[in-house]
Amino acid sequence: MDGYSAHAILVEKISDAIQEVIKDHKVEYGSIVERAPPDKGDLTINAIRIARSDEAAIKLAEKIANVLTTRVDLIGKVYIENNYVNIKVDPYKYGVIVWNIVSNQKENYGFNPHPQPKNIIVEHTSANPVHPLHIGHLRNCVIGDALARILKARGHKVNTHFYVDDVGLQMAYAAYGFEKAAMLQKDIKPDHYVGLLYAATNAVVNVYLLRKEREKANPEERARIDKELSEWLWVSKELMEKDEEIFTVIANAAMHEDPYARICDINRAYEAGEEWAVALVRRVANLCIDGFKKTLERLGISFDSWDWESEVTTWNGLVTEVLRGLRQSGLVIEKQGALIFEADKLAESHEIRQKLGLPRNYGISRLTLVRSDGTTLYPTRDIAYTLYKFQTGADKVINVVGAQQALEQIQVRLALYALGKAKEAENTIHFAYEMVTLPGVKMSGRRGRYVSADELLDEAVKRAGEELVKRGLELAENRDVAEKVGLGAVKFALLSISPSRPLMFSWDKVLDFDKNSGPFVQYAYVRARSVLRKAGSLKPLVTEGAFGEDERKIVFLVGYFPEVVAKSADELKVELIPQYLNELALAFNKYYDEVPILKAETLEKVQARLALTLMVAVTLENGMKLIGIEPPHRM
RNA sequence: GGGCCCGUGGCCUAGCAUGGAAAGGCGUCGGCCUCCGGAGCCGGAGUGCGAGAAAAACGCACGGAUAACCCGGGUUCAAAUCCCGGCGGGCCCGCCA
């Protein structure tokens, strides 16, 4: 059997058959054949949407129903309800097609190539190498990874990139801390170590700067400064409690010099590529990245490319080129030695707004490109980086970046326009996701306040292990199972909520083991595999009349999978996959409960049901892999 | 001050681009293992008082319970969905990233 999607074949047949009947009506929307709600069959056609009036809809529905019953052999039953034509597939005739495609595709089932595949770069995670990955990054990471996998399953050529933000003040802060405290030799995971250095330096320097500012401040300003100061003193206290030694060493060092001046010097020298600064900064950054890689490896997430900001934007002169181009655009002004890009002016153009999909009144502000001391700012380098991505051959660039950065992402695209890179601007997509918030506290890397990804994963695996023990499995022999289940729970939870929705973190939400969860899907999969194992030498086989009404829903759902992949990829909706998997798992669990598989009355029935079970197992497995969840063999 | 995102049963989450039957889960109550793995499956929707042997029905009281689209307008045959105006929560408007 050719083809990747039985569902597509089915829908095409239905559409062809009803062409004649609906040709007098103007159909303004994409698909007239939709999925039906539960208990209304498999597919549905809304006659009123086509006919536009009640009486016409009734007649039209009848005509459609007639045509479908007589002309589409894959359909088993058609009935009209409230102006809807509800359709049930013929479980056997349609099931054979689904079975053939699944049998051919096997571990690739779900692969559903786009007619025009593209070269796509997915940039995600891209955490600053100054602290460990925390829950927010984890949301980014898990979404980005799944997105890349899904786009590949849609036939696109995908490259994942991690942008290492090694240029900028934040890096210099961490480097300063490292310079002062390197001799301490802490025995902790390197990124956590760097995180402590970074937070301690931030606290020390902020207190230093605020005190200095306070001396020359007038009374009103003092009130504000005192407030900030007391907050940073509180942060300092927290950090002292975490690691007194680190904090003290950095605080002492800062008493004998101007720490901020030193930090700015590190920043300037690093950007200029001076050897001493490069050695210092790279040591810290690499320490942190070693830590990232450990976490990522555990998550089963890897990158095709690690792009060092310093290399791909600064030292190679690309950012200088960008600045030259922007100056020529006439949209750059100079103010006290700093360069400012008038993004707001460019955004006045209706045409550009439209092309970039900006809402009419979206407020755009100016963007400082270069500081008075000649160093560049993050968005400036980001413009260069975006160009760099296209230079490597990408048709499309997807940036998985927090929604807080929406304005910056738009400014970058406006800058591309100013540079005459309209195509690049239009093919740069900000895939925004909302923050993960902790109840009560505000997460902040600078303040050392975060729940790290490592802690979260440890806790998840620990809880999964406890569940295993409850079910009589020895933990010692099942560490890998606990790992898969724990991580599966976390990933599923992070993926099933739309990225546009803010996520209030809670252990219960992220570590769910009930329905609508990673473990639930894994469990259904394990059951299916277990049945197949028990079948021994009995092979799955589909013979005449193999599937009946009992199998209909599952046959339909399995056939629908490649459609979900296509939709998920084309609309960049990762959450469709976990939703689908939950639905299939639910349907299979029900089937498992109600219908005997190995004890079916005839050999043919047993083999047919094994075939169904195999299809479910393959689909669940492939679906889980699409979102980076590992299917366990037992649990 | 301007802008962006979010607001769906007690709680969490789909649905909104393309208007047309509001879908899952959690919780709660009650069932289902001589069966292939129970991390499962199926079903239900309140409480108190009165009279009464008891149940149903009934009456009274409280409640969101044939339980939900933040509120108010508008467009439409039709609005959770589109438009306008509010409200609530988050975020952004930096010579931070």
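Heavy-atom basis, side chains included; hydrogens, waters and symmetry copies ignored. Labels below follow one simple rule: chain letters A, B, ... track the order of the sequence lines, proteins then strands, and each chain is numbered from 1.
Distances from the side chain of A:Lys573 to the nucleotides B:rC42, B:rG15, B:rU13 place B:rG15 closest. Here the nucleotide nearest the side chain of A:Leu377, chosen from B:rG20, B:rC95, B:rG15, is B:rC95. Among the nucleotides B:rG40, B:rA97, B:rG3, the one closest to any side-chain atom of A:Tyr362 is B:rG3. If you check B:rG3, B:rA14, B:rG40 against the side chain of A:Lys515, the one that comes closest is B:rG40. The A:Val531 side chain lies nearest to B:rC36 when the options are B:rA21, B:rG24, B:rC36. Distances were taken from every side-chain heavy atom of A:Val526 (C-beta onward) to each of B:rG37, B:rG15, B:rC96; the shortest belongs to B:rG37. Nearest to the side chain of A:Pro38, among B:rG24, B:rA97, B:rC42, sits B:rG24.
The ring-ring contact (aromatic ring centres under 6.0 Å, His included) analysis of residues 575-609 of chain A, with sequence neighbours excluded, yields the pairs A:Phe561-A:Tyr580.
Taking the ring centroids of A:Phe513 and A:Phe520, they lie at or beyond the 6.0 Å cut-off.
Scanning atom types as modelled, one donor and one acceptor separated by under 3.5 angstrom connect the side chain of A:Thr44 and the base of B:rA21. The base of B:rA21 does not come close enough to the side chain of A:Glu81 for any donor and acceptor atom to sit less than 3.5 Å apart. If you check distances only, the side chain of A:Ser530 never reaches the base of B:rC36 with a donor-acceptor pair under 3.5 Å. Evaluation of atom-type donor-acceptor distances gives a pair under 3.5 Å for the side chain of A:Asn86 against the base of B:rA21.
Comparing the C1' positions of B:rG94 and B:rA78 gives an interatomic distance of 49 Å, to the nearest angstrom.
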Item to check | Per-nucleotide protein contact string for nucleotides 78-92 of chain B, where B marks a base within reach and S marks sugar-phosphate only (heavy atoms under 4.0 Å, - for neither) | outcome: B-----S------SS

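Judged by centroid separation below 5.5 Å and plane tilt below 30°, A:Tyr592 does not stack onto the base of B:rG40.
In this structure, B:rC82 forms a base pair with B:rG74, meeting either the Watson-Crick or the G-U wobble geometry with both donor-acceptor distances under 3.5 Å.
A 4.5 Å side-chain heavy-atom check between A:Val85 and A:Thr44 finds every atom pair outside the cut-off.
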